[in-house]
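Within every chain, numbering begins at 1; the chains are lettered A, B, ... in the order of the sequence lines, protein sequences first and strands thereafter.
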2 protein chains.
Amino acid sequence: MVVNLKDIAQRAGVSLATVSNVVNGYRPVGERTRQRVQQAIDELGYSPNLGARHLRRGRTGLIALAIPELTNPYFAELAEIAISEAAALGYTLVMENTAADREAELALLDGSRQRIIDGLILSPVRIGREEVLARTAGSPLVLIGEGVYDVPHDHIAIDNVAASHAAIQHLVAIGRRRIAFIGATPGGDRQSAHLRVRGYREALAAAGLPYRPLLVAGTEAFGRLDGMRAMRDLLALGDPPDAVFGYNDLVAIGALRALAEAGHRVPEDVAVVGIDDIEEGRFTAPTLTTIAPDKREIGRVAVRRLVARIEGTEVAGPLTVQTPFRLLRRESTGTPDA
Amino acid sequence: MVVNLKDIAQRAGVSLATVSNVVNGYRPVGERTRQRVQQAIDELGYSPNLGARHLRRGRTGLIALAIPELTNPYFAELAEIAISEAAALGYTLVMENTAADREAELALLDGSRQRIIDGLILSPVRIGREEVLARTAGSPLVLIGEGVYDVPHDHIAIDNVAASHAAIQHLVAIGRRRIAFIGATPGGDRQSAHLRVRGYREALAAAGLPYRPLLVAGTEAFGRLDGMRAMRDLLALGDPPDAVFGYNDLVAIGALRALAEAGHRVPEDVAVVGIDDIEEGRFTAPTLTTIAPDKREIGRVAVRRLVARIEGTEVAGPLTVQTPFRLLRRESTGTPDA
DNA sequence: GCGCGGCTCTATAACGTTATACAGGTGATG
DNA sequence: CATCACCTGTATAACGTTATAGAGCCGCGC
């Protein structure tokens with residue numbers, strides 16, 4: 001049997017409204033009656049019907065986290081953090097899988113889906129500034145990752161150019177000169193790829209190294225398979241690279257596999273660096289040097305900002321938050337950290 | 001502005017109830033009026049308020065998938081499948097992370113959480129038959145994975161004993177004699193570990209090989225780190241194994257890492273097999289032989305069964321469904337499939 | 001011509017909650 | 001002693017939907 005407010009009210013001999021006030025403290029209740037009501041709640045085991053509450057309040061208590069692929073460990077780790085953070089704030093997080101599909105992202109931005117969620121955390125991949133600005137749905141939106149949008153929404157991300165720059169700088173520091181990049185997008189439609197290429201070029205220039213277009217490999221997607229294929233192509237060049245920087249850890253891990261298959265030693269012949277610090281990279285042979293974003297920070301700030309917007313709480317700080325990152329040196333660049 | 005049934009009714013010049021009937025076809029509506037209403041819906045862009053609908057219907061349209069860890073790629077892949085299957089059936093799937101915690105699993109089984117979801121798909125880890133039977137919450141429950149429960153709920157899983165047996169059989173077939181198992185639980189509290197050890201012992205016996213307790217390594221959890229540590233311990237034995245079967249792919253991948261660090265060749269010195277067929281295993285060096293469960297089938301059947309129970313539809317077949325699996329031979333056992 | 005069944009559509013009462021307006025009682029104040 | 005403000009608690013109207021009961025209309029059969 002399901003217990004509702006009316007049952008409690010009868011049991012405690014008070015009105016419906018009083019019970020409601022005890023439950024959510026909207027208005028003060030005398031100490032004696034409060035105790036009687038509380039006792040009735042405990043005895044009957046009441047928990048509010050969220051559907052009804054949400055109908056009345058106009059909110060559902062649900063927020064969505066939309067990511068391009070759950071099977072990318074980076075996003076799985078991020079989701080795990082966001083789920084627990086949301087739960088701590090009294091919200092339930094539902095995952096949306098956009099599959100890096102433009103239509104899916106657009107549908108989320110102003111779709112009917114919105115009727116059920118109070119707010120959306122979106123990791124956009126295929127859409128840009130215009131699409132975000134054209135958004136009609138009223139519920140709060142927080143963007144994570146990717147590029148620079150300059151839109152009236154919170155945006156949490158690392159500085160992609162600086163992160164890429166740091167990775168290349170490290171490769172230069174260990175003496176590499178022919179450094180390749182895997183994971184540029186032909187059409188330039190993934191902003192973060194564009195930014196990471198920019199950091200790559202800036203770092204090369206800063207080190208006085210030439211920019212060789214042949215060493216920049218485009219990929220269709222950003223998984224292990226893409227990295228492996230691109231690495232094979234690079235190895236087929238007359239003068240192959242002595243280092244590779246992957247768009248993310250998955251791509252870099254695919255490159256590791258291609259290098260192993262072709263009999264090249266890592267890092268002696270080719271050094272490899274990725275981005276994301278997924279756990280997998282701590283167990284590859286060799287272990288993978290990577291740029292580690294602060295996933296916990298990203299997940300927490302994104303959820304907190306969103307909830308603050310939903311509840312109309314004051315939010316401190318600028319719209320765009322750049323979260324810190326650091327370089328983790330492992331075997332794939334030959335110089336593991338202590 | 002948010003459009004509701006009343007707006008549509010006014011616009012189309014019909015009653016509220018008629019619009020509702022057009023929307024969800026509860027009762028027949030004349031062709032002419034249906035068209036007028038449909039046109040109004042299209043023009044004003046109506047989508048139902050799910051909170052209100054759910055309050056009225058007594059259902060929320062939400063189902064939960066509770067798994068021990070989202071960062072295990074096996075579960076991430078499974079979740080991706082379940083999410084899309086649920087969406088296809090008109091349900092929204094929310095993820096619950098039990099973190100392999102007994103209290104969390106119990107709370108899900110009969111907790112207040114239930115008020116918001118219509119049904120639960122649970123991958124139990126720390127609870128057994130009694131706890132499931134003691135469940136008080138009324139909403140449907142579907143179990144996935146793990147052991148044999150014999151409870152009045154649908155249960156989707158592979159035959160763990162047979163799967164384990166098949167893996168060992170393969171190792172025997174390629175000539176291995178000292179076969180270790182990594183991922184037994186000391187207390188025996190994870191049922192599937194128990195079953196996989198049983199399959200291991202049965203296969204050894206069938207091959208006329210002795211059961212050596214020293215070659216069965218327990219682990220705290222079932223991640224890469226656990227596998228790595230256990231493998232190190234096995235290598236420290238006076239007479240190390242010539243093959244290893246991991247509780248899952250993650251454990252096996254940890255073992256691969258330990259073997260590489262210690263300078264052992266795989267598969268020449270030690271062959272390695274896992275279970276789960278996570279994508280990662282197709283890119284390790286060497287690639288990982290594994291038992292591949294049919295994840296798509298598991299995810300689909302679990303969601304469909306649950307939805308059928310929720311909606312009171314007739315369900316064919318027995319409560320316990322054993323989904324198929326197959327052995328994928330890769331480099332870590334030296335005999336890749338064609 | 002009248003009654004009756006069948007077909008559309010309408011009016012309305014829930015579902016369980018929260019917020020508003022109001023009522024009753026008490027203590028302080030003029 | 002009357003008045004007023006305050007504090008607790010109550011009655012009730014929403015929120016947007018669906019399901020039930022019933023009303024109007026038309027055609028058919030006697």
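The base of D:dT17 is not paired with the side chain of B:Arg56 by any donor and acceptor separated by under 3.5 Å.
Contact annotation for A:Asn21: no contact, since no heavy-atom pair falls under 4.0 Å across all strands.
Checked for salt-bridge contact, B:Arg126 and B:Glu105 miss the test: no charged N lies under 4.0 Å from a carboxylate O.
If you take CG of A:Asp7 and C1' of C:dC15, they are 14 Å apart, rounded to a whole angstrom. Per the geometry, CD belonging to B:Gln35 stands 16 Å off C1' belonging to C:dT8, to the nearest Å. Separating the CG atom of A:Asn24 from the P atom of C:dG16 is a distance of 17 Å, rounded to the nearest angstrom. Atom NE2 in B:His54 sits roughly 10 Å away from atom C1' in D:dT17 (whole-Å rounding). Going from atom NZ of B:Lys6 over to atom C1' of D:dT18 covers 16 Å, rounded to whole Å.
Remark: A:Thr33 is in phosphate contact with D:dG9, judged by side-chain N or O atoms under 4.0 Å from OP1 or OP2. The side chain of A:Tyr26 places no N or O atom within less than 4.0 Å of a non-bridging phosphate oxygen (OP1 or OP2) of D:dG9. Remark: B:Arg57 is not in phosphate contact with D:dT17, judged by side-chain N or O atoms under 4.0 Å from OP1 or OP2. For A:Asn4, no side-chain nitrogen or oxygen approaches OP1 or OP2 of C:dC15 to under 4.0 Å. For the OP1/OP2 pair of D:dT18 and a distance below 4.0 Å, the side-chain nitrogens and oxygens of B:Ser20 include at least one atom meeting the criterion. Checking the phosphate oxygens (OP1, OP2) of D:dC15, no side-chain nitrogen or oxygen of B:Asn49 falls inside 4.0 Å. Considering only side-chain N and O atoms, A:Thr18 lies under 4.0 angstrom from the phosphate OP1 or OP2 of D:dT10.
Side-chain contact check for B:Thr60 and B:Asp118: at least one donor-acceptor pair (N or O, by modelled atom type) lies under 3.5 Å.
Counting heavy atoms from C-beta outward, A:Tyr46 and A:Val19 have side chains that stay 4.5 Å or more apart.
Nearest-nucleotide positions on DNA chain C place B:Leu16 closer to the 5' end than the other of A:Val23 and B:Leu16. Of the two residues contacting DNA chain C, namely B:Val14 and B:Leu55, the nearest-nucleotide position lying further toward the 5' end is that of B:Val14.
Distance from the side chain of A:Ala17 is smallest to D:dA11 among D:dA11, C:dT18, D:dT18. Side-chain atoms of A:Pro28 lie closest to D:dT8 of the nucleotides D:dA19, D:dT8, D:dA11.
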Spell out protein contact along nucleotides 22-27 of chain D as letters: B when the base is contacted, S when just the sugar-phosphate is, - when no protein heavy atom is under 4.0 Å; keep the 5' to 3' order. B-----
